[in-house]
Amino acid sequence: MKLKHYIHFVLCLLIGTTMLTGCIEEFEADLPEEETDLLVVEGTIHSYLNTFTLSRSLGINSDVDPKMIRGARVSVQGTDGSVIQCWDMDDGQYFCWIDSLSPDVKYYLHIETDAEVYESEPQKPLPTEQIADVSGMQPTPYSDIDILVTPEEPFDANKTNYYSWSYEETWEVQPEVRTTIVFDMDLRKPVYDADQFPYRGWKDGSSKTIMVGSSKNYEGQHIRRFKIYDIGRSNERIYYRYSANLEQRAITRAEYEYELARRQAGTEMGGLFTPLPSALPSNIHCVTSKKRVIGFVGCSMNVSYHRFFLDAPDYSIDHKRPDLLLKFEDCDEQFCCDMVNKGLYLCQWNDNRMSPGGTLNTSWATERNLDVRLQGAYIEEPYFW
(Lines give C-alpha, C1' and ligand atoms only; values in the text may rest on other atoms or scores of the structure.)
Protein backbone atom coordinates (compact mmCIF):
# COMPACT_ATOMS: atom_id res chain seq x y z
CA MET A 1 0.00 0.00 0.00
CA LYS A 2 1.46 3.42 -0.91
CA LEU A 3 0.44 6.96 -1.69
CA LYS A 4 0.17 7.80 -5.40
CA HIS A 5 1.44 11.22 -6.35
CA TYR A 6 -0.70 11.48 -9.46
CA ILE A 7 -1.70 15.06 -8.71
CA HIS A 8 -3.22 16.01 -12.06
CA PHE A 9 -5.08 12.72 -12.30
CA VAL A 10 -6.51 13.03 -8.82
CA LEU A 11 -7.51 16.66 -9.35
CA CYS A 12 -9.49 15.65 -12.42
CA LEU A 13 -11.20 12.91 -10.46
CA LEU A 14 -12.06 15.31 -7.66
CA ILE A 15 -13.66 17.77 -10.02
CA GLY A 16 -15.53 15.27 -12.17
CA THR A 17 -16.42 12.43 -9.85
CA THR A 18 -16.92 13.73 -6.32
CA MET A 19 -19.53 11.10 -5.53
CA LEU A 20 -17.17 8.29 -6.50
CA THR A 21 -15.02 9.10 -3.50
CA GLY A 22 -17.62 7.69 -1.17
CA CYS A 23 -17.93 10.82 0.96
CA ILE A 24 -21.29 11.62 2.47
CA GLU A 25 -23.36 14.63 1.53
CA GLU A 26 -22.94 18.00 3.21
CA PHE A 27 -24.52 18.07 6.66
CA GLU A 28 -25.37 21.49 8.07
CA ALA A 29 -26.00 20.91 11.76
CA ASP A 30 -28.14 23.63 13.35
CA LEU A 31 -27.10 23.73 16.99
CA PRO A 32 -27.72 25.86 20.08
CA GLU A 33 -25.02 28.46 20.62
CA GLU A 34 -23.32 26.38 23.32
CA GLU A 35 -23.06 23.48 20.86
CA THR A 36 -21.45 25.41 17.99
CA ASP A 37 -17.95 25.28 16.55
CA LEU A 38 -17.75 21.50 16.82
CA LEU A 39 -15.64 19.61 14.33
CA VAL A 40 -17.75 18.02 11.56
CA VAL A 41 -16.06 15.19 9.65
CA GLU A 42 -17.36 13.65 6.42
CA GLY A 43 -15.77 10.81 4.49
CA THR A 44 -15.11 7.11 4.20
CA ILE A 45 -11.88 5.12 4.15
CA HIS A 46 -11.69 2.76 1.20
CA SER A 47 -9.40 1.70 -1.63
CA TYR A 48 -8.43 4.18 -4.33
CA LEU A 49 -9.45 7.83 -4.05
CA ASN A 50 -10.47 9.01 -0.58
CA THR A 51 -11.89 12.47 0.18
CA PHE A 52 -12.56 13.88 3.64
CA THR A 53 -14.31 17.17 4.39
CA LEU A 54 -13.71 19.10 7.61
CA SER A 55 -15.92 21.96 8.81
CA ARG A 56 -17.31 23.58 11.94
CA SER A 57 -20.90 23.34 13.15
CA LEU A 58 -23.20 26.37 13.15
CA GLY A 59 -25.78 27.75 15.55
CA ILE A 60 -29.55 27.52 15.17
CA ASN A 61 -30.94 29.69 12.34
CA SER A 62 -27.45 30.61 11.21
CA ASP A 63 -27.53 32.24 7.78
CA VAL A 64 -23.83 31.83 6.99
CA ASP A 65 -22.11 29.03 5.15
CA PRO A 66 -20.37 26.31 7.18
CA LYS A 67 -16.85 27.24 8.24
CA MET A 68 -14.50 24.98 6.30
CA ILE A 69 -11.32 23.92 8.08
CA ARG A 70 -8.16 24.64 6.16
CA GLY A 71 -4.57 23.79 7.01
CA ALA A 72 -5.31 20.68 9.06
CA ARG A 73 -3.02 17.65 9.03
CA VAL A 74 -5.09 14.66 7.94
CA SER A 75 -3.96 11.09 7.38
CA VAL A 76 -5.30 7.56 7.10
CA GLN A 77 -3.43 5.30 9.51
CA GLY A 78 -3.37 1.56 10.07
CA THR A 79 -2.68 -0.62 13.07
CA ASP A 80 0.22 -2.07 11.06
CA GLY A 81 1.99 1.30 11.37
CA SER A 82 1.09 2.52 7.89
CA VAL A 83 0.45 6.25 7.40
CA ILE A 84 -1.08 7.73 4.24
CA GLN A 85 -0.96 11.52 4.30
CA CYS A 86 -3.83 13.48 2.75
CA TRP A 87 -3.36 16.50 0.51
CA ASP A 88 -4.99 19.74 1.59
CA MET A 89 -7.14 21.21 -1.19
CA ASP A 90 -7.42 24.50 0.76
CA ASP A 91 -11.23 24.36 0.69
CA GLY A 92 -11.91 22.06 3.62
CA GLN A 93 -11.36 18.94 1.51
CA TYR A 94 -8.48 16.51 2.00
CA PHE A 95 -7.73 13.58 -0.27
CA CYS A 96 -5.40 10.63 -0.58
CA TRP A 97 -4.98 7.59 -2.79
CA ILE A 98 -4.78 4.09 -1.33
CA ASP A 99 -3.91 1.25 -3.70
CA SER A 100 -5.68 -1.36 -1.58
CA LEU A 101 -6.58 -1.99 2.03
CA SER A 102 -5.47 -5.09 3.91
CA PRO A 103 -8.31 -7.21 5.34
CA ASP A 104 -6.21 -7.93 8.43
CA VAL A 105 -5.44 -4.31 9.34
CA LYS A 106 -7.66 -1.81 11.15
CA TYR A 107 -7.69 1.70 9.70
CA TYR A 108 -8.65 5.05 11.18
CA LEU A 109 -8.64 8.72 10.27
CA HIS A 110 -6.16 10.95 12.13
CA ILE A 111 -6.81 14.72 12.24
CA GLU A 112 -4.70 17.50 13.75
CA THR A 113 -6.29 20.97 13.79
CA ASP A 114 -6.48 23.94 16.15
CA ALA A 115 -4.03 22.32 18.60
CA GLU A 116 -6.32 19.29 18.99
CA VAL A 117 -5.98 15.70 17.76
CA TYR A 118 -8.97 13.66 16.61
CA GLU A 119 -9.15 10.01 15.57
CA SER A 120 -11.87 7.71 14.32
CA GLU A 121 -12.37 4.24 15.74
CA PRO A 122 -10.03 1.70 14.06
CA GLN A 123 -11.99 -0.66 11.83
CA LYS A 124 -11.21 -3.56 9.57
CA PRO A 125 -12.38 -2.83 6.02
CA LEU A 126 -15.67 -4.47 5.08
CA PRO A 127 -15.88 -6.16 1.66
CA THR A 128 -18.80 -5.03 -0.48
CA GLU A 129 -20.79 -7.35 -2.72
CA GLN A 130 -21.40 -6.36 -6.33
CA ILE A 131 -24.81 -5.03 -7.35
CA ALA A 132 -26.84 -7.77 -9.04
CA ASP A 133 -29.64 -5.61 -10.44
CA VAL A 134 -31.18 -2.15 -10.45
CA SER A 135 -34.63 -1.64 -11.91
CA GLY A 136 -37.41 0.92 -12.12
CA MET A 137 -40.92 -0.09 -11.07
CA GLN A 138 -44.14 1.88 -11.41
CA PRO A 139 -46.85 0.22 -9.29
CA THR A 140 -49.70 2.01 -11.08
CA PRO A 141 -49.88 4.31 -14.14
CA TYR A 142 -50.23 7.24 -11.74
CA SER A 143 -47.38 6.27 -9.41
CA ASP A 144 -43.86 7.59 -9.23
CA ILE A 145 -41.10 5.35 -10.57
CA ASP A 146 -39.42 3.47 -7.71
CA ILE A 147 -35.73 2.63 -8.06
CA LEU A 148 -35.07 -0.85 -6.66
CA VAL A 149 -31.69 -2.40 -5.93
CA THR A 150 -30.67 -6.03 -5.38
CA PRO A 151 -27.12 -6.74 -4.19
CA GLU A 152 -25.51 -10.04 -5.06
CA GLU A 153 -25.66 -12.91 -2.56
CA PRO A 154 -24.17 -11.74 0.75
CA PHE A 155 -20.72 -12.89 1.76
CA ASP A 156 -22.13 -13.90 5.12
CA ALA A 157 -25.74 -15.16 5.14
CA ASN A 158 -25.63 -15.87 8.87
CA LYS A 159 -25.67 -12.25 10.03
CA THR A 160 -27.51 -9.05 9.27
CA ASN A 161 -25.86 -7.08 6.47
CA TYR A 162 -25.96 -3.30 6.20
CA TYR A 163 -25.42 -1.14 3.12
CA SER A 164 -25.37 2.47 2.04
CA TRP A 165 -26.19 3.76 -1.44
CA SER A 166 -25.65 7.01 -3.29
CA TYR A 167 -25.74 7.89 -6.96
CA GLU A 168 -24.70 10.23 -9.76
CA GLU A 169 -27.47 10.76 -12.30
CA THR A 170 -27.75 12.01 -15.87
CA TRP A 171 -30.87 12.60 -17.92
CA GLU A 172 -31.68 13.68 -21.44
CA VAL A 173 -33.53 16.91 -22.12
CA GLN A 174 -35.00 18.22 -25.34
CA PRO A 175 -36.03 21.75 -26.29
CA GLU A 176 -39.56 22.84 -25.45
CA VAL A 177 -39.94 24.07 -29.04
CA ARG A 178 -38.19 22.97 -32.22
CA THR A 179 -37.76 24.70 -35.54
CA THR A 180 -36.11 23.77 -38.82
CA ILE A 181 -36.43 27.20 -40.46
CA VAL A 182 -34.97 30.64 -39.97
CA PHE A 183 -36.16 33.94 -41.36
CA ASP A 184 -33.50 35.37 -43.69
CA MET A 185 -33.46 39.15 -43.32
CA ASP A 186 -31.82 39.68 -46.71
CA LEU A 187 -34.04 37.30 -48.70
CA ARG A 188 -37.03 38.30 -46.55
CA LYS A 189 -38.27 34.75 -46.47
CA PRO A 190 -37.75 31.56 -44.47
CA VAL A 191 -34.86 29.24 -45.32
CA TYR A 192 -34.23 25.69 -44.11
CA ASP A 193 -31.83 25.37 -41.18
CA ALA A 194 -32.29 22.33 -38.95
CA ASP A 195 -28.97 22.76 -37.11
CA GLN A 196 -29.30 26.21 -35.61
CA PHE A 197 -30.17 24.68 -32.21
CA PRO A 198 -29.16 21.30 -30.67
CA TYR A 199 -32.01 18.82 -30.67
CA ARG A 200 -31.09 17.41 -27.26
CA GLY A 201 -28.83 17.88 -24.26
CA TRP A 202 -28.08 16.39 -20.85
CA LYS A 203 -28.20 17.42 -17.23
CA ASP A 204 -26.45 15.92 -14.21
CA GLY A 205 -27.36 15.53 -10.57
CA SER A 206 -26.51 13.50 -7.51
CA SER A 207 -28.21 12.05 -4.45
CA LYS A 208 -28.96 14.53 -1.71
CA THR A 209 -28.99 11.93 1.04
CA ILE A 210 -27.28 8.65 1.79
CA MET A 211 -29.75 5.76 1.58
CA VAL A 212 -29.14 2.87 3.97
CA GLY A 213 -30.68 -0.56 4.25
CA SER A 214 -30.62 -3.65 6.45
CA SER A 215 -31.06 -7.30 5.47
CA LYS A 216 -32.71 -8.10 8.82
CA ASN A 217 -36.14 -8.95 7.40
CA TYR A 218 -34.95 -10.66 4.20
CA GLU A 219 -34.69 -14.39 3.66
CA GLY A 220 -31.11 -15.57 3.79
CA GLN A 221 -30.05 -12.03 4.76
CA HIS A 222 -30.19 -11.19 1.06
CA ILE A 223 -31.71 -7.81 0.23
CA ARG A 224 -33.91 -7.99 -2.85
CA ARG A 225 -35.59 -5.15 -4.76
CA PHE A 226 -35.00 -2.62 -2.03
CA LYS A 227 -36.38 0.84 -2.79
CA ILE A 228 -33.70 3.50 -2.47
CA TYR A 229 -35.40 6.49 -4.13
CA ASP A 230 -38.09 7.42 -6.63
CA ILE A 231 -38.62 9.75 -9.58
CA GLY A 232 -41.89 11.61 -10.04
CA ARG A 233 -43.69 10.71 -13.27
CA SER A 234 -43.95 14.43 -14.07
CA ASN A 235 -40.27 15.11 -13.36
CA GLU A 236 -38.17 16.17 -16.36
CA ARG A 237 -35.56 13.56 -15.44
CA ILE A 238 -37.81 10.81 -16.82
CA TYR A 239 -39.27 12.66 -19.85
CA TYR A 240 -36.91 10.93 -22.31
CA ARG A 241 -34.06 8.83 -20.93
CA TYR A 242 -32.55 8.59 -17.47
CA SER A 243 -29.35 7.01 -16.20
CA ALA A 244 -27.64 6.75 -12.85
CA ASN A 245 -24.42 5.25 -11.59
CA LEU A 246 -25.33 3.66 -8.27
CA GLU A 247 -22.69 3.31 -5.58
CA GLN A 248 -23.03 0.55 -2.99
CA ARG A 249 -20.95 0.16 0.14
CA ALA A 250 -21.12 -2.37 2.96
CA ILE A 251 -21.29 -0.62 6.33
CA THR A 252 -21.34 -1.58 9.99
CA ARG A 253 -24.43 -1.55 12.15
CA ALA A 254 -22.99 1.47 13.97
CA GLU A 255 -22.69 3.46 10.74
CA TYR A 256 -26.19 2.35 9.72
CA GLU A 257 -27.61 3.65 13.00
CA TYR A 258 -25.63 6.88 12.63
CA GLU A 259 -27.11 7.53 9.18
CA LEU A 260 -30.64 6.85 10.46
CA ALA A 261 -30.13 9.20 13.41
CA ARG A 262 -28.57 11.85 11.19
CA ARG A 263 -31.52 11.71 8.82
CA GLN A 264 -33.90 12.10 11.75
CA ALA A 265 -31.92 15.06 13.08
CA GLY A 266 -31.95 16.67 9.66
CA THR A 267 -35.66 16.23 8.94
CA GLU A 268 -37.13 16.63 12.42
CA MET A 269 -34.89 19.27 13.95
CA GLY A 270 -36.64 20.72 16.96
CA GLY A 271 -38.84 17.69 17.68
CA LEU A 272 -39.32 16.72 21.32
CA PHE A 273 -37.48 13.41 20.98
CA THR A 274 -35.06 14.41 18.21
CA PRO A 275 -31.39 14.07 19.21
CA LEU A 276 -29.16 17.09 18.78
CA PRO A 277 -26.54 16.59 16.07
CA SER A 278 -23.83 16.66 18.74
CA ALA A 279 -25.51 13.62 20.31
CA LEU A 280 -25.37 11.53 17.13
CA PRO A 281 -23.51 8.21 17.55
CA SER A 282 -20.16 9.40 16.20
CA ASN A 283 -17.16 7.04 16.05
CA ILE A 284 -14.71 9.97 16.13
CA HIS A 285 -13.27 11.32 19.38
CA CYS A 286 -10.86 14.02 20.46
CA VAL A 287 -7.63 12.50 21.79
CA THR A 288 -6.36 15.66 23.47
CA SER A 289 -9.52 16.93 25.20
CA LYS A 290 -13.20 16.17 25.79
CA LYS A 291 -14.43 18.11 22.77
CA ARG A 292 -17.29 16.44 20.93
CA VAL A 293 -17.25 15.64 17.23
CA ILE A 294 -19.99 15.27 14.61
CA GLY A 295 -19.49 12.63 11.94
CA PHE A 296 -18.82 8.99 11.28
CA VAL A 297 -15.88 7.56 9.32
CA GLY A 298 -16.61 4.14 7.85
CA CYS A 299 -14.08 1.74 6.38
CA SER A 300 -14.78 -0.37 3.30
CA MET A 301 -12.54 -2.72 1.37
CA ASN A 302 -14.15 -1.66 -1.89
CA VAL A 303 -17.09 0.20 -3.36
CA SER A 304 -19.37 -1.35 -5.99
CA TYR A 305 -20.92 0.54 -8.90
CA HIS A 306 -23.73 -0.25 -11.29
CA ARG A 307 -25.01 1.95 -14.12
CA PHE A 308 -28.60 1.57 -15.19
CA PHE A 309 -30.96 3.25 -17.67
CA LEU A 310 -34.67 4.03 -17.68
CA ASP A 311 -36.49 4.83 -20.94
CA ALA A 312 -39.65 6.94 -20.88
CA PRO A 313 -41.70 4.68 -23.21
CA ASP A 314 -41.50 1.93 -20.59
CA TYR A 315 -43.47 3.99 -18.06
CA SER A 316 -46.57 6.16 -17.80
CA ILE A 317 -45.06 9.63 -17.94
CA ASP A 318 -46.96 12.83 -17.24
CA HIS A 319 -45.20 15.19 -19.63
CA LYS A 320 -47.22 18.36 -20.00
CA ARG A 321 -46.19 20.30 -23.10
CA PRO A 322 -47.28 23.93 -22.85
CA ASP A 323 -47.88 25.84 -26.07
CA LEU A 324 -45.02 28.32 -26.00
CA LEU A 325 -45.37 29.56 -29.58
CA LEU A 326 -46.24 33.19 -30.18
CA LYS A 327 -48.74 33.05 -33.06
CA PHE A 328 -49.58 35.95 -35.36
CA GLU A 329 -52.05 36.21 -38.21
CA ASP A 330 -52.03 38.49 -41.25
CA CYS A 331 -48.30 39.20 -41.11
CA ASP A 332 -45.95 40.61 -43.72
CA GLU A 333 -42.18 40.44 -44.28
CA GLN A 334 -41.52 43.67 -42.41
CA PHE A 335 -43.31 42.27 -39.38
CA CYS A 336 -41.04 39.22 -39.56
CA CYS A 337 -37.95 41.45 -39.69
CA ASP A 338 -39.19 43.27 -36.60
CA MET A 339 -39.67 39.97 -34.77
CA VAL A 340 -36.12 38.89 -35.59
CA ASN A 341 -34.82 42.23 -34.32
CA LYS A 342 -36.65 41.58 -31.07
CA GLY A 343 -34.70 38.34 -30.62
CA LEU A 344 -37.44 35.89 -31.61
CA TYR A 345 -37.04 32.90 -33.90
CA LEU A 346 -39.37 31.77 -36.68
CA CYS A 347 -40.92 28.36 -36.07
CA GLN A 348 -43.86 28.16 -38.47
CA TRP A 349 -44.62 29.89 -41.81
CA ASN A 350 -48.03 29.48 -43.41
CA ASP A 351 -48.35 31.73 -46.46
CA ASN A 352 -51.78 31.70 -48.14
CA ARG A 353 -51.58 35.14 -49.67
CA MET A 354 -51.87 33.73 -53.20
CA SER A 355 -55.40 32.60 -52.38
CA PRO A 356 -58.28 35.06 -52.27
CA GLY A 357 -58.47 36.48 -48.78
CA GLY A 358 -55.44 34.45 -47.75
CA THR A 359 -52.93 35.77 -45.20
CA LEU A 360 -49.46 35.06 -43.96
CA ASN A 361 -49.54 33.40 -40.51
CA THR A 362 -46.38 32.85 -38.48
CA SER A 363 -45.33 31.41 -35.11
CA TRP A 364 -42.31 32.44 -33.07
CA ALA A 365 -40.41 31.34 -29.95
CA THR A 366 -37.73 32.70 -27.67
CA GLU A 367 -34.19 31.39 -27.73
CA ARG A 368 -34.61 29.98 -24.22
CA ASN A 369 -37.41 27.73 -25.41
CA LEU A 370 -35.35 26.54 -28.37
CA ASP A 371 -31.88 26.05 -26.88
CA VAL A 372 -31.44 23.46 -24.10
CA ARG A 373 -28.14 25.10 -23.12
CA LEU A 374 -30.11 28.07 -21.79
CA GLN A 375 -32.01 25.62 -19.58
CA GLY A 376 -28.84 24.40 -17.85
CA ALA A 377 -28.03 21.49 -20.18
CA TYR A 378 -24.82 20.60 -21.98
CA ILE A 379 -24.73 19.11 -25.47
CA GLU A 380 -21.62 16.92 -25.38
CA GLU A 381 -23.01 13.38 -25.33
CA PRO A 382 -21.84 11.47 -22.23
CA TYR A 383 -19.44 8.65 -23.00
CA PHE A 384 -21.81 6.05 -21.50
CA TRP A 385 -24.89 7.20 -23.38
Side-chain angles (χ1 to χ4, degrees), residues 19-25 27 41-48 50-52 76 101-109 120-135 146-168 206-230 244-267 275 277 279-285 293-306:
M19 286 300 296
L20 302 187
T21 65
C23 55
I24 59 180
E25 81 280 6
F27 178 51
V41 182
E42 301 176 274
T44 300
I45 299 171
H46 57 76
S47 301
Y48 310 126
N50 291 252
T51 300
F52 305 97
V76 174
L101 300 176
S102 171
D104 300 319
V105 175
K106 292 184 177 181
Y107 297 91
Y108 57 95
L109 188 66
S120 65
E121 178 185 343
Q123 304 170 75
K124 285 188 176 182
L126 287 175
T128 299
E129 297 87 347
Q130 296 299 311
I131 299 174
D133 181 63
V134 181
S135 60
D146 296 334
I147 308 302
L148 311 176
V149 62
T150 300
E152 289 189 350
E153 292 279 349
F155 294 131
D156 188 347
N158 296 313
K159 68 176 183 67
T160 302
N161 298 282
Y162 302 93
Y163 303 91
S164 72
W165 294 277
S166 60
Y167 58 87
E168 289 278 2
S206 59
S207 50
K208 302 302 182 184
T209 60
I210 296 292
M211 293 74 67
V212 294
S214 163
S215 68
K216 182 178 179 180
N217 297 320
Y218 287 84
E219 182 181 354
Q221 302 296 338
H222 184 196
I223 290 178
R224 296 175 178 86
R225 295 176 64 78
F226 180 80
K227 177 183 174 180
I228 47 178
Y229 66 101
D230 57 45
N245 192 28
L246 184 65
E247 173 189 294
Q248 174 176 282
R249 187 169 62 84
I251 60 176
T252 62
R253 177 179 176 177
E255 185 172 355
Y256 170 78
E257 292 176 345
Y258 166 78
E259 289 293 344
L260 291 181
R262 186 172 75 133
R263 181 175 303 177
Q264 181 187 15
T267 58
L280 293 178
S282 174
N283 71 338
I284 312 168
H285 65 280
V293 188
I294 299 174
F296 197 105
V297 176
C299 186
S300 300
M301 180 68 69
N302 62 295
V303 178
S304 299
Y305 299 98
H306 183 93

So which atom in [X] and which in [Y] form the shortest heavy-atom distance, rounded to 0.1 Å?
| X | Y | value |
| --- | --- | --- |
| P127 | A250 | O-CB, 3.4 Å |
| H222 | T150 | NE2-CG2, 4.1 Å |
| I223 | G213 | CD1-C, 4.2 Å |
| T44 | N50 | O-OD1, 3.1 Å |
| V41 | V293 | CG2-CG1, 4.1 Å |
| S207 | S166 | OG-CB, 3.4 Å |

Residue pair I147, V134: steps toward the side-chain contact (heavy atoms from CB on, under 4.5 Å) verdict: CA-CA 7 Å; I147 308 302; V134 181; 3.8 Å; yes

Atom [atom1] in [X], atom [atom2] in [Y]: separation rounded to 0.5 Å?
| X | Y | atom1 | atom2 | value |
| --- | --- | --- | --- | --- |
| N283 | T252 | CG | OG1 | 7.5 Å |
| Y108 | I45 | OH | CD1 | 10.0 Å |
| E129 | N302 | CD | CG | 9.0 Å |
| D133 | R225 | CG | CZ | 7.5 Å |
| E247 | S164 | CD | OG | 6.5 Å |
| Y256 | Y162 | OH | OH | 7.0 Å |

Identified side chain to side chain donor-acceptor pair (under 3.5 Å) counterpart of S300 within the set R249, H46, E255: R249

Neighbour count >12 (heavy atoms, 6.0 Å) for atom CZ, R253: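 No.
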
Test item: side-chain donor near acceptor, S304 and Q248, under 3.5 Å: no

Y107 side chain to S102 backbone, donor-acceptor under 3.5 Å: yes

Short side-chain to backbone donor-acceptor contact, T160 and S215, under 3.5 Å: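 A pair under 3.5 Å: no.
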
Mutual orientation of the aromatic rings belonging to Y229 and Y167 [parallel < 30°, tilted 30-60°, perpendicular > 60°]: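 Judged by the thresholds at 30° and 60°, the geometry between Y229 and Y167 is parallel.
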
Residue pair I284 / L109, side-chain heavy-atom distance below 4.5 Å: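 Not in contact.
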
Ring pair (Phe, Tyr, Trp, His ring centres under 6.0 Å) evaluation trace for F226 with Y163: CA-CA 11 Å; F226 180 80; Y163 303 91; 9.1 Å; no

Test side chain to side chain contact (heavy atoms under 4.5 Å, CB included) applied to D156 - qualifying residues, sequence neighbours left out: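 Applying side chain to side chain contact (heavy atoms under 4.5 Å, CB included) to D156 gives N158, K159.
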
Sequence-distant partners of Y48, side chain to side chain contact (heavy atoms under 4.5 Å, CB included), two or more places apart: W97

Chi angles and distances behind the side-chain contact (heavy atoms from CB on, under 4.5 Å) call for Q123, K106: CA-CA 5 Å; Q123 304 170 75; K106 292 184 177 181; 5.8 Å; no

Test side-chain contact (heavy atoms from CB on, under 4.5 Å) applied to F155 and N161, step by step: CA-CA 9 Å; F155 294 131; N161 298 282; over 6 Å; no

